[in-house]
Structures are given as C-alpha cells and as structure tokens.
2 protein chains.
Amino acid sequence: MSRSNRKSQIVQTAAHLFRKEGYQAVSMRDLADNLGIKAASLYNHISSKEEILALIIMDMARTFSEHIAEVRKNENSSVDKLTEIIDMHLRTTFHKTDVLACMNREWKHLNDDYRKTYLQLRNQYENDFLQIIENGMETGELRSLNPKILSNTFLSALRNLYHWHDRDPEFSEDRVRESVKDYLLSGLLLG
Amino acid sequence: MSRSNRKSQIVQTAAHLFRKEGYQAVSMRDLADNLGIKAASLYNHISSKEEILALIIMDMARTFSEHIAEVRKNENSSVDKLTEIIDMHLRTTFHKTDVLACMNREWKHLNDDYRKTYLQLRNQYENDFLQIIENGMETGELRSLNPKILSNTFLSALRNLYHWHDRDPEFSEDRVRESVKDYLLSGLLLG
DNA sequence: GTCTATAATAGGATAGAC
DNA sequence: GTCTATCCTATTATAGAC
C-alpha cells in the first residue's frame, strides 16, 4: 500500500482503538494486528506511538479553534453564534466520533510540546466562548447568569455528547441537534 | 502504620494519581513513591492494582445508584427531584473530585466482573434519571422535549463539572450550585 | 513496504529476610 | 509492615533481510 494511504489508515485505526480501549491500553502490536501487518512495519510510516496520537488530536484541536475564532468575529446575534457552535460540536460528534473522543480523553498523553500547544488552543477556545456569552449578556440577549459557570456547564454538555454513540444510536443527527439546541438555548421549564 | 489506615491512604493517593495521570500511566512504583514506601510493600495491603481501582470506583458508583433510587421514589415534584440530583453531583464534584474523575475516566480498566457490575449500575442510574424526566413531562412540569436526548445532555453537563477544579477554583460550591441549577433547570434565554 | 529477530526497558507481582 | 532481590511478561523501537 502507498505510503500516505497507509499512514492515514494507521491514524484512523489508531483513533478507533484508542477511543475504545484508551491510548495506553493499545499496544503497537494491537494496532498492527488490526491492520493485518506486523508492529515493526508501522515504523515505516510513523516515527512513534506518540506521533500517532498527535496526528489524531492536533488537527482537530486546530479545527475547533479556527471555527470559534470565525464565529466570534462574525456579525450574527449571540444566539446564532451559539447555534453555530452547537452545530459544529454535533457534526463532529456524529462524523468524527473517534477523533473527538480521543482528543477529550487522551490529550494528557501527548508529549510535552504538543500538550502545551493543545492546552493553549483549548484555553483560547474557552476564552472565545466566554466572550460570546458575555457579549450576549451585555446586549440583553441572554439572561445574566455567571458567565464563567455558564460557559463551563454549556461546554461540558457539548463536549461529552459523543457518549451517545456508545449507547443510543437510534437518533439521527438532525433530531439530536434540534433537541440539544432547544434545551441548551431555551431551557427546560414550561412557560 | 496500621493495616486499615494504610489501605485507605493507598486508595486515596491512588485516586489522586490516577486522576492526574491516568490509571495505566501510574505504576505501582509511582504509587509507592508517593507514599514513601517500596512497591512490594503495597501488596501487604492490597492484592493488585486492579483491586485499588475497584475500591475507588465501585463504592462511589453504588452511592450514586442508591441516591437516585431514593430520589425517584420520593414524593417531591420533578423539579425538586432534579434539584436533589444536581446537589448530589455538585457535592461529589467538590468533595470527592479525585474519585469522581477516576470513575468517569477509568472505569474501562476495571476487571471483567467489576466492569459488568459498574455498567449495570450506570444503566440503572440513567434509566432512573430518564424516568424522572418522563414523569415531569407527563405531569406538564417540564417542556416536552425528547426525553432521552434531554437526559443524555443534562447528565453530560453534570458529570463533567469536575473539570472545574483543574481550571476555575475561584467559585464556591454554593455559587456554582446556584448558577448550574438556574441554567440547567430554567434555561438561557431572557423572558 | 513488510518481514524476522532482537535490543532495551518498564511493568505487575512474589519470596523470604528483618 | 517494610525491605531487597528477583521473576516473568509486555512494551516501544531498531537492524537488516527480502
């Protein structure tokens, strides 16, 4: 198989296994077995196990950062901005489940350099999100709750929707998006 | 040190390290170092690394199950029941942070028997929670959103509030509880 | 690009002295 | 209850043949 095809195949399979078993629990032999080759052959395509993890995580982390930076500076209302962010998380939850779960659960195993960059990106993401929330409160679009606590709670909900796929595959992406949007934006109580 | 004191000290220290580094990343030698003894000495108090993980997780899992079973069968309104559940999660988030994070992140590494029991408890918990939500919708106390999607989203938010302690130690438990309650129960939009 | 063989290390766990 | 010494296995990664 060609070098670059095999490489992306390795990364994809690794993401799947890392998500299912955890990064440390998956050996290079396990990964190779799943690809039908021997462990030593992996090193013709990647330089280390850590590199695979970085290839999985860093790209997704940058995608999220770029997305929220664009949303933050566009001219939409706060509710529309929050809707765009929910949409992004839902798309990723449904179409990049393995990578998203890997990122959320295994980033601690990145090497020092990548982990530092990852945490910078995550902090930046959370700051951008907080800014959007605070803007919405200032313009009166959103209720004046504590913005930091609200951000953290909102993001906790969004980031962990991938647990879905392990348990409730019965709902379509559209169905989930509408309900999640409705709940997270409008609230729970009647009237 | 007496046998039972040392044992609970081992479990507590392990919970802290497992949370910080991940179960697989913490060796018995790391754990022993943190306790100021040698790895071999640990085995005078516990039988295996897996047993330590089970001691951390299973007790907390049962506590959550018993709590929601009691809440489900009491006579309070749905909103009061949800409030009791939020309170329980907040108490645990603030006072048993290490154990809670361990349970959420490391349960996959339980041995087969414990993992099976853990998943039964978790399923039962989610069913009880779903029942409470569905009841609230039937009596008209809650808006009629999709109950499964709502449960999943609500629980995603609650279960992951422990990320807090890693980042925003500035808020008191009471302050967080009131804001989280307000948001998760009442909603975000003004009016 | 994949293989076999192997180096180098780290891990969980036990035996037996004190 | 803790120690030293050690066993056994599994791991990441490399060397060199095909």
Side-chain angles (χ1 to χ4, degrees), chain A residues 1-58 102 105-115, chain B residues 1-58 102 105-115:
Chain A
M1 185 173 296
S2 85
R3 208 183 191 103
S4 76
N5 281 352
R6 186 58 110 183
K7 184 165 178 172
S8 62
Q9 191 193 17
I10 288 171
V11 172
Q12 205 177 333
T13 305
H16 184 67
L17 293 176
F18 291 171
R19 175 194 168 209
K20 223 175 48 179
E21 323 264 1
Y23 173 74
Q24 303 243 22
V26 177
S27 71
M28 296 300 269
R29 285 174 183 79
D30 294 334
L31 176 54
D33 282 352
N34 269 269
L35 291 158
I37 58 177
K38 296 290 170 182
S41 307
L42 292 169
Y43 292 89
N44 204 47
H45 305 278
I46 48 88
S47 67
S48 68
K49 193 182 172 186
E50 270 183 355
E51 190 208 347
I52 301 178
L53 187 65
L55 286 170
I56 295 170
I57 293 179
M58 299 309 289
C102 255
R105 296 203 278 231
E106 310 296 344
W107 62 266
K108 279 194 186 179
H109 303 295
L110 290 168
N111 74 28
D112 289 352
D113 284 348
Y114 282 125
R115 193 172 56 249
Chain B
M1 185 173 297
S2 84
R3 207 180 192 106
S4 76
N5 280 354
R6 185 59 108 185
K7 184 164 179 173
S8 63
Q9 191 193 17
I10 289 171
V11 172
Q12 206 178 332
T13 305
H16 183 67
L17 293 176
F18 291 171
R19 176 195 167 206
K20 222 175 48 179
E21 324 264 1
Y23 172 75
Q24 303 243 22
V26 176
S27 69
M28 294 301 269
R29 288 170 180 79
D30 294 333
L31 176 55
D33 281 352
N34 269 269
L35 291 159
I37 58 177
K38 296 290 170 183
S41 309
L42 293 169
Y43 291 89
N44 204 49
H45 305 277
I46 49 87
S47 68
S48 69
K49 194 183 174 187
E50 271 183 354
E51 191 208 346
I52 301 178
L53 187 66
L55 286 170
I56 296 169
I57 293 179
M58 299 308 290
C102 255
R105 296 204 278 232
E106 309 297 344
W107 62 265
K108 278 193 188 181
H109 303 295
L110 289 168
N111 73 29
D112 289 352
D113 283 348
Y114 282 126
R115 193 173 57 250

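Each chain gets a letter, A, B and so on, in the order the sequences are listed, and its residues count up from 1. FYI, side chains are in, hydrogens and waters are out, and symmetry mates aren't considered; it's all heavy atoms of this structure.
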Consider the side chain of [X], meaning its heavy atoms from C-beta on, and name the nucleotide among [options] that approaches it most closely.
| X | options | value |
| --- | --- | --- |
| A:His45 | D:dT12, C:dG12, C:dG1 | C:dG1 |
| B:Tyr43 | C:dC3, C:dG12, D:dT2 | C:dG12 |
| A:Ile37 | C:dG12, C:dC3, D:dA13 | C:dC3 |
| B:Lys49 | D:dA13, D:dT2, C:dG12 | C:dG12 |

- Query: Do any side-chain nitrogens or oxygens of B:Ser41 fall under 4.0 Å of OP1 or OP2 in D:dC3?
  - Reply: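 Answer is yes, contact under 4.0 Å.
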- Hey, does the side chain of A:Arg115 reach the backbone of A:Leu110 with a donor-acceptor pair shorter than 3.5 angstrom? yes
Nearest whole Å is fine: how far is [N] [atom2] from [X] [atom1]?
| X | N | atom1 | atom2 | answer |
| --- | --- | --- | --- | --- |
| A:Met28 | C:dT2 | CE | P | 13 Å |
| A:Lys38 | D:dA13 | NZ | P | 19 Å |
| B:Asp33 | C:dG11 | CG | P | 11 Å |

- Could you tell me how the ring of B:Tyr23 sits relative to the ring of B:His109: parallel (under 30°), tilted (30 to 60°) or perpendicular (over 60°)?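 The rings of B:Tyr23 and B:His109 lie parallel, inter-plane angle below 30°.
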- Residue that, paired with B:Ser47, satisfies side-chain hydrogen bond (donor to acceptor under 3.5 Å, both in side chains) out of B:His45, B:Glu51, B:Glu50: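 Result: among B:His45, B:Glu51, B:Glu50, B:Glu51 is the only option passing the side-chain hydrogen bond (donor to acceptor under 3.5 Å, both in side chains) with B:Ser47.
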- Do the side chains of B:Lys108 and A:Arg105 get nearer than 4.5 Å, heavy atoms only? yes
- Message: Nearest heavy atom decides the nucleotide; on that basis, is A:Ser27 or B:Ala40 closer to the 5' end of DNA chain D?
- Response: B:Ala40
- Message: Counting the atoms with a prime plus P, OP1 and OP2 as sugar-phosphate, which does A:Arg6 contact under 4.0 Å by heavy atoms, base, sugar-phosphate, or nothing?
- Response: sugar-phosphate
